[in-house]
Amino acid sequence: MKLLEHYTKQLEQLRQQGNFRQFTANRQQGRIIEIAGQHMLNLSSNDYLGLAADLELRQVFFDQCPLEQRWLSSSSSRLLTGNFPEYEQLEACMSQAFDGRAVLLFNSGYHMNIGILPALSDGKTLILADKLVHASMIDGIRLSSAKYLRYRHNDLNHLQQLLQKYHADDTYERIIVVTESIFSMDGDETDLNQLVSLKRQFAKVMLYVDEAHAIGVRGARGLGCAEQYAVINQIDFLVGTFGKALASVGGYLVCEPVIREYLINSMRPLIFSTALPPLSIAWTRFVFEHMQKMQKQRDHLVNLSHHLQHKVQSLGFCCPSSSHIVPVIIGDSQPAVDKANYLQAQGFYIMPVRPPTVPANSARLRISLTSQIQPEEIEQLVALL
Ligand SMILES: *Cc1c(COP(=O)(O)O)cnc(C)c1O
C-alpha cells in the first residue's frame with residue numbers, strides 16, 4: 001500500500017491541475033460519435049477523408065480479399081517469417097507513387113519515430129529539432145546517442161543560425177534536421193521550400209520530415225506537403241503514418257535504398273517486433289490507391305479549413321493554423337475543459353488538449369476537420385464559440 005501511495009498522490013496532483021486523463025468509452029457511426037448516450041458531430045477525428053468510417057469502401061475491400069488472404073497475424077518479424085507478399089506489394093506501390101524512391105514500412109508512426117532516429121545516429125550526429133515536434137520524435141531523439149538541440153518553433157532563421165554555428169564544428173559528421181510538415185497541435189506548417197534551400201547550403205545536413213497530418217490531405221494525389229511543394233526527392237527521410245487520413249495502421253519511410261537496407265539491419269523496433277497483420281497491409285494498399293483519387297474531398301477540406309481559420313481569428317483568438325487542424329487557444333486548463341464540455345453538450349465533440357501535450361498555459365480546444373463536415377456545421381459551431 002505504501003508503494004502505491006506515491007502514484008495516488010501524483011494522480012491527485014494531476015486532478016487538481018485539471019490535467020487528469022482517462023479513457024472514454026465511445027461508439028461511432030460515420031461522422032457521429034456517441035458517448036454516454038449522447039450523439040455528437042465528431043470534430044476530434046483524424047479520419048480526415050472519412051475513409052475509416054466508410055462502410056461501402058470496407059465492403060469492396062473485403063469482397064476482393066479472399067479468406068485465405070485475410071491473415072490476422074504475421075506471427076513474426078519481417079526478418080524471420082513475417083515478410084508476406086502484402087508488405088512488398090505496398091512498398092512497391094508506394095515507391096511508384098513517390099518517384100521511385102525506396103519505401104520501408106513500420107508497425108506504427110510511433111515505432112517509426114522512436115526507431116529510425118537512434119538507428120541513424122551516433123556520437124558524431126547532431127539533431128536539430130523544431131521545438132514542437134511530436135512526442136514520438138522526442139523519444140526517438142532521447143533514445144539516440146546524437147547531440148540534440150531544438151530550434152524555436154517554425155523559426156527557420158533560428159535553424160539557419162544553429163546550422164552556421166555547428167556546421168563548421170568537426171565533431172559532427174552529419175546534422176539531421178527533424179520537423180513536421182503540418183504540426184499536430186497548432187495546425188501550422190513548415191515552409192518546406194525554405195527548409196530544402198537551407199539544406200542545399202549545408203553539405204552535412206539531412207532532412208527528416210513527418211507528414212502524419214498531411215498524407216492523404218495535401219498534394220494532387222494526397223502524397224503530402226512534399227508532393228504539394230514538389231520536394232519529395234529533396235527530403236532525405238520522408239515519414240508518415242497510416243493511422244490518420246489513410247484509415248489504417250502503421251508508418252512509412254520514403255528514403256534512399258541504402259538507408260532502407262541500413263535500417264533493416266539496425267532498427268530495433270523493426271527487427272524485434274512482430275510485423276502488422278498482412279490484412280492490415282492489404283487494406284493500407286487498397287486505401288492508398290483509393291485516396292490518390294480523392295481530390296474533391298481534399299479541396300472541400302481546404303475550403304472548410306480556411307473558413308474556420310478566419311472565423312476563429314475574427315472571434316479574437318490567435319489562430320496559427322493554415323490547415324484542417326484548427327486550435328482555439330484558451331490558456332489555462334480548466335477553462336479549456338469547461339468550454340469543451342459546453343460544446344459537447346451542444347452536440348460538437350471537441351476535446352481539450354492540455355499540458356504536457358502542449359506547452360504550459362496554452363491549453364486549447366483542438367478542432368480537427370474532416371471532409372465529412374459541412375459549412376453549415378462550421379457556422380453553428382462558431383456561433384457557440
Ligand atoms: C500521430 C502521430 C504519430 C504517431 O503515429 P501512429 O501511427 O499513431 O503511431 C507520429 N508523428 C506525428 C506527428 C503524429 O501526429
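Order of listing sets the numbers, starting from 1, for every ligand and every atom in it.
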Check: [X] N/O within less than 3.5 Å of ligand 1 N/O:
| X | answer |
| --- | --- |
| His213 | yes |
| Gly109 | yes |
| Glu180 | no |

- Note on the structure: protein heavy-atom neighbour closest to atom 11 (N) of ligand 1 works out as Asp210 OD2, 2.7 Å
- Item | Minimum-distance protein heavy atom relative to atom 14 (C) of ligand 1 |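 Answer for atom 14 (C) of ligand 1: Lys244 NZ, 2.9 Å.
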- Is His111 near ligand 1, meaning one of its heavy atoms is under 4.0 Å from it? no
- Item | Residue-ligand contact Ser136/ligand 1, heavy atom below 4.0 Å | yes
- Item | Residue part near ligand 1, for Ala212, under 4.0 Å between non-hydrogen atoms | side chain
- Item | Met112 contact mode with ligand 1 (heavy-atom cut-off under 4.0 Å) |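 Near ligand 1, Met112 shows nothing, with every heavy atom at 4.0 Å or more.
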Note: [X]-[Y] ion pair, threshold 4.0 Å (strictly below):
| X | Y | value |
| --- | --- | --- |
| Asp130 | Arg152 | no |
| Asp155 | Lys131 | no |
| Glu211 | Lys244 | no |

What pair of heavy atoms forms the shortest contact from [X] to [Y], and how long is it?
| X | Y | answer |
| --- | --- | --- |
| Gly219 | Arg298 | O-NE, 3.4 Å |
| Ala363 | Pro355 | CB-CD, 4.4 Å |
| Thr125 | Ser121 | OG1-CA, 3.5 Å |

Considering the heavy atoms of [X], write down every atom of ligand 1 situated less than 4.0 Å from one of them.
| X | value |
| --- | --- |
| Tyr110 | 4 (C), 5 (O), 6 (P), 9 (O) |
| Thr241 | 5 (O), 6 (P), 7 (O) |
| Asn113 | 10 (C), 11 (N) |

- Please assess Asp191 against Tyr229 for the test side-chain hydrogen bond (donor to acceptor under 3.5 Å, both in side chains), listing each intermediate value before the final yes or no. CA-CA 9 Å; Asp191 183 337; Tyr229 300 110; over 6 Å; no
- Message: Show, in sequence, the C-alpha distance, side-chain angles and deciding distance for Arg221 and Glu227, and conclude whether the side-chain contact (heavy atoms from CB on, under 4.5 Å) test is met.
- Response: CA-CA 8 Å; Arg221 286 172 295 149; Glu227 183 196 13; 3.2 Å; yes
